[in-house]
Amino acid sequence: MGKPYDPETLPLQPIAVFDSGVGGLSVLRHIRAQLPHEQLIYLADQINVPYGSRSLAEIRTFSEAITSFLLELGAKLIVVACNTASGAALTHLRQTFPDVPFVGMEPAVKPAAAQTKRGKVGVLATAGTFKSQRYEALMARFARGVQVFESPCLGLVELIESGQTDSEAVERLLRACVLPMLAEGVDTLVLGCTHYPFVRPLLSQIVGPDITIIDPAPAIARQTTRLLERHDLLNPAARPGAALAFTTGDAANLSEFAGRMLAFSMETETAVWRGQSLIIPPRRTIW
Ligand code: DGL
């Protein structure tokens, strides 16, 4: 599956990053900043967003097909820039594609537990993440002695997908999610969904300067760098790498959002589901 392995040319191939929608762009921007010479491919499965309310089995099926698609495009490393997909599928992906280096995500409960002064942490993540075994294991391992308050912030992913990051509707929803946590004495908030860093400026205004907000994206970019180094896969190119995005939804929409949120430009194309596989539709010839 994927391009034949050639240790000479593999470092020149792209890093691939995927999410259910625009959320993974909050990770992609840190990868770009830390690894400017890498070629990047981004896949947003926007026809199926939100993943957070789907079954774990369904998300596993999507994630496996997306991985095959990204490998066909030559990906040398895959970042699952989605807490929900990582929770549902990362173990399965590592078993199914044992030669592929994967970087996954999980809510940053460990650093939050280390930083909280009052021993109270709030986690904002999707319902899918909260019901995953990966999250359960994370809590058992790192949240001992700390009180954790969870909110699935229902509807927030959809608002962000519609391009809203500081609207009244977003503000209302954020207040409803975090004010009860603050009333309980939470002093540290974990952004456990990659969509949420896009509403961080508004969230910071709501919670004020005394609350620590943790976005794991910079750490994920560092982990990506470490993994590339470990596998001898760093791109030796001297000039900035190209970036190409695919969406199973509306390419113009994704392009508009990316244009607003990223400091670099990306071509955006469409990918379509055919049965349980993702394909790039053949280009129409117009002459
Ligand atoms: N961005 C994804 C995450 O990190 C999930 C959003 C969704 O529900 O699709 O969990």
Side-chain angles (χ1 to χ4, degrees), residues 16-31 42-63 65-67 78-93 102-109 112 122-136 138-139 150-165 170 173-174 177 189-200 203 213-221 223-224 245-250 253-254 257-258 261-262 273:
V17 178
F18 81 88
D19 179 42
S20 58
V22 297
L25 296 176
S26 71
V27 178
L28 190 75
R29 62 186 175 184
H30 287 278
I31 293 176
Y42 185 76
L43 183 285
D45 188 14
Q46 289 178 294
I47 203 156
N48 290 316
V49 70
Y51 276 9
S53 48
R54 292 179 180 276
S55 75
L56 299 181
E58 202 173 10
I59 300 167
R60 219 167 282 147
T61 305
F62 292 150
S63 300
I66 290 169
T67 298
I78 295 180
V79 181
V80 186
C82 175
N83 294 264
T84 314
S86 296
L90 192 59
T91 306
H92 173 74
L93 292 177
F102 285 98
V103 176
M105 308 223 23
E106 60 194 16
V109 171
V123 181
L124 310 179
T126 68
T129 295
F130 288 131
K131 72 181 177 210
S132 68
Q133 268 178 6
R134 194 175 164 85
Y135 182 75
E136 202 181 304
L138 185 70
M139 294 297 287
E150 299 167 352
S151 174
C153 286
L154 290 179
L156 186 53
V157 166
E158 289 90 328
L159 285 172
I160 296 168
E161 282 292 319
S162 75
Q164 298 184 49
T165 51
V170 172
L173 189 48
L174 280 178
C177 297
L189 283 175
V190 173
L191 302 182
C193 168
T194 52
H195 281 71
Y196 299 169
F198 292 123
V199 298
R200 184 178 182 157
L203 181 63
I213 300 175
I214 303 182
D215 169 11
I220 295 301
Q223 174 61 9
T224 304
F246 291 91
T247 177
T248 58
D250 182 39
N253 226 349
L254 178 63
F257 191 92
M261 298 297 173
L262 301 180
W273 285 102

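Below, all heavy atoms of this structure are taken into account, side chains as well, without hydrogens, waters or symmetry copies. Counting convention: from 1, in listed order, for ligands and their atoms alike. Model, not experiment: these values are computed from the prediction.
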Does Cys82 reach ligand 1, in the sense of a heavy atom lying below 4.0 Å from it? yes
Go through the steps for Phe62 and Arg54 under the test side chain to side chain contact (heavy atoms under 4.5 Å, CB included), then give the verdict. CA-CA 11 Å; Phe62 292 150; Arg54 292 179 180 276; 3.7 Å; yes
Identity and distance of the protein heavy atom lying nearest atom 3 (C) of ligand 1: Asn83 N, 3.3 Å
Any idea which protein heavy atom is nearest atom 7 (C) of ligand 1, and the distance to it? Tyr51 N, 3.3 Å
If we ignore angles and hydrogens, is there a donor and acceptor under 3.5 Å between the side chains of Asp19 and Tyr51? no
Could you check whether Thr126 and Thr84, counting side-chain N and O atoms only, form a donor-acceptor pair closer than 3.5 Å? yes
At a 4.0 Å threshold, what atoms of ligand 1 neighbour a non-hydrogen atom of Val49? 9 (O)
Could you tell me, atom by atom, which parts of ligand 1 come under 4.0 Å of a heavy atom of His195? 1 (N), 2 (C), 6 (C)
Report, in ascending order of atom number, the atoms of ligand 1 lying under 4.0 Å from any heavy atom of Ser20. 5 (C), 6 (C), 7 (C), 9 (O)
May I ask you to list the atoms of ligand 1 that are less than 4.0 angstrom from any heavy atom of Thr126? 5 (C), 8 (O), 10 (O)
Before signing off on this row, confirm whether Gly23 and ligand 1 have an N or O atom pair separated by under 3.5 Å. no
Taking atom types as modelled, find out whether Thr248 and Gln46 have a side-chain donor-acceptor pair closer than 3.5 angstrom. no
Show me which atoms of ligand 1 lie under 4.0 Å from any heavy atom of Asp19. 1 (N), 2 (C)
Side chains of Asp45 and Ile47, heavy atoms from C-beta outward: is any pair under 4.5 Å? yes
Any idea which heavy atoms bring Gly23 and Glu161 closest together, and the distance? N-OE2, 4.4 Å
For atom 5 (C) of ligand 1, what's the nearest protein heavy atom and its distance? Thr84 OG1, 3.4 Å
Proximity to ligand 1 by part of Thr194, non-hydrogen separation under 4.0 Å: both
I need the nearest protein heavy-atom contact for atom 8 (O) of ligand 1: residue, atom name and distance, please. Gly52 N, 2.8 Å
Minimum side-chain heavy-atom gap Leu156-Cys177 below 4.5 Å: no
Roughly how far apart are Thr165 OG1 and Met261 CE, rounded to 0.5 Å? 4.0 Å
